[in-house]
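Single-structure report; data block below.
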Amino acid sequence: MRLTRCQAALAAAITLNLLVLFYVSWLQHQPRNSRARGPRRASAAGPRVTVLVREFEAFDNAVPELVDSFLQQDPAQPLVVAADTLPYPPLALPRIPNVRLVLLQPALDRPAAASRPETYVTTEFVALVPDGARAEAPGQLERMVEALRVGKARLVAAPVATANPARCLALNVSLREWTARYGAAPTAPRCDALDGDAVVLLRARDLFNLSAPLARPVSTSLFLQTSLRGWAVQLLDLTFAAARQPPLTTAHARWKAEREGRARRAALLRALGIRLVSWEGGQLEWFGCNKETTRCFGTVVGDTPAYLYEERWTPPCCLRALRETARYVVGVLEAAGVRYWLEGGSLLGAARHGDIIPWDYDVDLGIYLEDVGNCEQLRGAEAGSVVDERGFVWEKAVEGDFFRVQYSESNHLHVDLWPFYPRNGVMTKDTWLDHRQDVEFPEHFLQPLVPLPFAGFVAQAPNNYRRFLELKFGPGVIENPQYPNPALLSLTGSG
């Protein structure tokens, strides 16, 4: 059948309409940025950065303004707001696919991946943006990405123009000593850590390879972990705006945020194994045991505390308590006229560096048995446990015929007092434990006793204490430190 000219024109019109409809449908299924005219470089291949908001208070925040400011710069900007539990009052977030609220606390009705923020981050980079920040100019995140790409730092940061903008700090973290030390950064703008409000950008793989990537407070947590790994952060000459309606403007809100922030920081530092923080300027803050708590470790087995297996030394709070107890006990003994001397590992620590050995867990003193009656606290301990006016506990040890002075009724860090008596010119005692240094020795080492610096004060020690120690431990013991039971764990083999 031959088509007429009119039929041919109609068929062509129908075909053209079908092609137009197909093209419009195809356009509607393309990403917004691919349809925009004159796309910015950041949008040409889609966003390269996910904005991650973690540091905010549920009861008072400017998160909706923060989110809206980034969407105004790029409507397709991926944003993840992470909270432990569902924020209340509810956050007024846009209901669009590129804005997600992630709850980090696992729930019975959700799979494990739903509680992990990395599930929602598909970009190469992540920007950690604190509450109170706002994107005001286009291209800020892209400038941070380029700075990270061309620089040598593993993180870059831009201060937020709040009352507390970020500044550089030096930070040294010693897991072995359970300590973090902050100070002024000598090489700013390359820093170990930041103090103040900043947007921090890093690669997503770096963030989520940290042991606690989003633990709060975010700044404290992040820089403790990155500085330990030797990662520097570069503070850029780029500033993010502050929120138009900043959070925590009332005195009550600030008080509540500061109180909860201190609690979070203390919990974080304990969880990460930091017991002492030395802040810039030298102020010390302790996060370990005290007189009202138990000590930081349990029963010691084989003379080897559990922390040595973790490649750590005695927690600094424990060393502080031992120093305090030793100083107090020595003062009581001297006032009562009880002859005493540093014994065992305590004498070894004094001879080596004038202090408790960094991995020791108690203090040992020898005393003359005949002087016990001179001391009221020791006489009381003969009959039972005595808590003195300073809260120290004097008692007879359950392991044998010697005395023990504990830091408190709760905290059992202690000084052991070993009663010796002379027999034919040799000092002996009635209780012997299976310790290599637990041996008899000539009394002439105690005649006379000599002063020796120890743990911040001056204690009495055997004369010729080098020969005394080598009699107890073996030749070269002062110059060759070793853990108390090398058969179980060697200092040189612990890394």
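The 12-atom threshold is not exceeded at CD of Glu409, counting heavy atoms of other residues, nucleotides or ligands nearer than 6.0 Å. No more than 12 heavy atoms of other residues, nucleotides or ligands shown are found within 6.0 angstrom of CD on Glu376. Heavy atoms of other residues, nucleotides or ligands lying less than 6.0 angstrom from CD of Gln283 number 12 at most. Counting non-hydrogen atoms of neighbouring residues, nucleotides and ligands closer than 6.0 angstrom, the CZ atom of Arg323 exceeds 12 such neighbours. Atom CZ of Arg423 has 12 or fewer heavy atoms from other residues, nucleotides or ligands within 6.0 Å.
Note: Phe297 and Tyr361 have perpendicular aromatic rings, judged against thresholds of 30 and 60 degrees for the angle between ring planes. Using a 30° and 60° split on the angle between ring planes, Tyr328 and Phe392 fall in the parallel class, below 30°.
Without hydrogens or angle criteria, Tyr465 side chain to Leu452 main chain gives no donor-acceptor distance under 3.5 Å. Side-chain atoms of Glu124 never come within 3.5 Å of backbone atoms of Ala204 as a donor-acceptor pair (strictly under, hydrogens ignored). Under a 3.5 Å cut-off, the side chain of Arg181 and the backbone N or O of Ser278 do not form any donor-acceptor pair. Of the possible polar contacts, none joining the His353 side chain to the Ala350 backbone as a donor-acceptor pair under 3.5 Å is found. Listed for the Thr325 side chain is a donor-acceptor partner under 3.5 Å among the backbone atoms of Ala321. With hydrogens and angles ignored, the 3.5 Å screen pairs a side-chain donor or acceptor of Thr293 with a backbone N or O of Asn290. Panel note: side chain Gln482, backbone Leu491; a donor-acceptor pair is recorded below 3.5 Å. Asn463 contributes no side-chain N or O that, together with a main-chain N or O of Leu449, makes up a donor-acceptor pair within less than 3.5 Å. When atom types are taken as modelled, the side chain of Arg295 and the backbone of Gly298 share a donor-acceptor pair closer than 3.5 angstrom. With Asp371 contributing its side chain and Val338 its backbone, the two residues share no donor-acceptor pair below 3.5 Å.
Closest approach of Thr119 and Ala113 over heavy atoms only: OG1-O, 2.6 Å. The minimum heavy-atom distance between Gly261 and Pro217, with the atom names listed, is O-CG, 4.3 Å. The two residues Cys318 and Leu413 make their nearest non-hydrogen contact at CA-CD1, 3.6 Å. Ala83 approaches Phe56 most closely through the heavy-atom pair CB-CZ, 4.0 Å. What you find for Val63 and Asp131 is that their closest heavy atoms are N-OD1, 3.5 Å. Nearest approach of Leu347 to Pro462, heavy atoms of both residues: CD2-CD, 3.9 Å.
Residue pairs meeting the ring-ring contact (aromatic ring centres under 6.0 Å, His included) criterion with at least one partner in residues 195-228, sequence neighbours excluded, do not occur; the list is empty. Screening residues 275-286 for salt bridge (Lys or Arg N to Asp or Glu O under 4.0 Å) gives Arg167-Glu280, Arg265-Glu285 as the qualifying pairs, with residues at least two apart or on separate chains.
Residues Asp192 and Leu169 fail the side-chain proximity criterion, which asks for heavy atoms closer than 4.5 Å. Ile274 has its side chain out of reach of Trp178: every pair of non-hydrogen atoms, C-beta onward, lies at least 4.5 Å apart. Looking at heavy atoms from C-beta onward, Cys191 lies in side-chain contact with Val233 at the 4.5 angstrom threshold. Side-chain contact between Leu248 and Phe59 is present, with heavy atoms from C-beta onward closer than 4.5 Å.
With sequence neighbours left out, Glu395 forms a side-chain contact (heavy atoms from CB on, under 4.5 Å) with Ser385, Val393, Arg404, Gln406. In this structure, Trp286 has no ring pair (Phe, Tyr, Trp, His ring centres under 6.0 Å) partners at least two apart in sequence or on a different chain. Checked against ring pair (Phe, Tyr, Trp, His ring centres under 6.0 Å), Trp279 has the following partners two or more places apart in sequence or in another chain: Tyr182. In this structure, the ring pair (Phe, Tyr, Trp, His ring centres under 6.0 Å) partners of Trp359, at least two apart in sequence or on a different chain, are Trp313, Tyr483. For Asn374, there are no side chain to side chain donor-acceptor pair (under 3.5 Å) partners at least two apart in sequence or on another chain. Evaluation of the salt bridge (Lys or Arg N to Asp or Glu O under 4.0 Å) rule for Arg312 yields no partner, not counting sequence neighbours. Remark: Lys256 pairs with no residue by the salt bridge (Lys or Arg N to Asp or Glu O under 4.0 Å) rule, at least two apart or across chains. Listed by chain and residue number, Thr428 satisfy the side chain to side chain donor-acceptor pair (under 3.5 Å) test with Glu440 (two or more places apart in sequence, or in another chain). Not counting sequence neighbours, the partners of Phe468 by the ring pair (Phe, Tyr, Trp, His ring centres under 6.0 Å) test are Phe441, Phe445.
Interatomic distance, CG of Leu103 versus CG of Asp84, reported as 9.0 Å (0.5 Å rounding). To the nearest 0.5 Å, atom CZ of residue Arg270 and atom SG of residue Cys289 are 10.0 Å apart. Interatomic distance, OG1 of Thr431 versus CG of Asp438, reported as 9.0 Å (0.5 Å rounding). Atom CG of Leu214 is separated from atom CG of Leu52 by 5.5 Å, given to the nearest 0.5 angstrom. Distance check, rounded to the nearest 0.5 Å: CG of Asp303 to CG of Leu488 gives 8.5 Å. For the atom pair Asn172 CG and Thr179 OG1, the distance stands at 9.0 Å (nearest 0.5 Å).
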Could you pull out every donor-acceptor pair under 3.5 Å between side chains of residues 154-164 and any protein atom, sequence neighbours left out?
{"unit_1": "Arg154", "atom_1": "NE", "unit_2": "Asp206", "atom_2": "OD2", "d": "3.2"}
{"unit_1": "Arg154", "atom_1": "NH2", "unit_2": "Asp206", "atom_2": "OD1", "d": "3.0"}
{"unit_1": "Arg154", "atom_1": "NH2", "unit_2": "Asp206", "atom_2": "OD2", "d": "3.4"}
{"unit_1": "Thr162", "atom_1": "OG1", "unit_2": "Asn164", "atom_2": "N", "d": "3.2"}
{"unit_1": "Thr162", "atom_1": "OG1", "unit_2": "Asp197", "atom_2": "OD2", "d": "2.6"}

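A salt bridge is defined here as a Lys NZ or Arg NE, NH1 or NH2 lying under 4.0 Å from an Asp or Glu carboxylate O, and Asp401 with Lys429 fails to meet this definition. Between Glu57 and Arg216 there is a salt bridge, with a side-chain nitrogen of the basic residue lying less than 4.0 Å from a carboxylate oxygen of the acidic one. Taking a cutoff of 4.0 Å between a charged side-chain nitrogen and a carboxylate oxygen, Arg254 and Glu260 do not qualify as a salt bridge. The existence of a salt bridge linking Arg466 and Glu479 is confirmed by a sub-4.0 Å separation between a basic side-chain nitrogen and an acidic carboxylate oxygen.
Geometric assessment of Lys396 against the ring of Phe402 yields a negative cation-pi assignment under the 6.0 Å and 45° thresholds. Both the sub-6.0 Å distance and the 45° axial angle are satisfied by Arg339 relative to the ring of Tyr368.
For the residue pair Gln225 / Ser211, a side-chain donor-acceptor distance below 3.5 Å is found, with atom types taken as modelled. Judged by distance alone, the side chains of Glu324 and Tyr407 do bring a donor and an acceptor atom under 3.5 Å apart.
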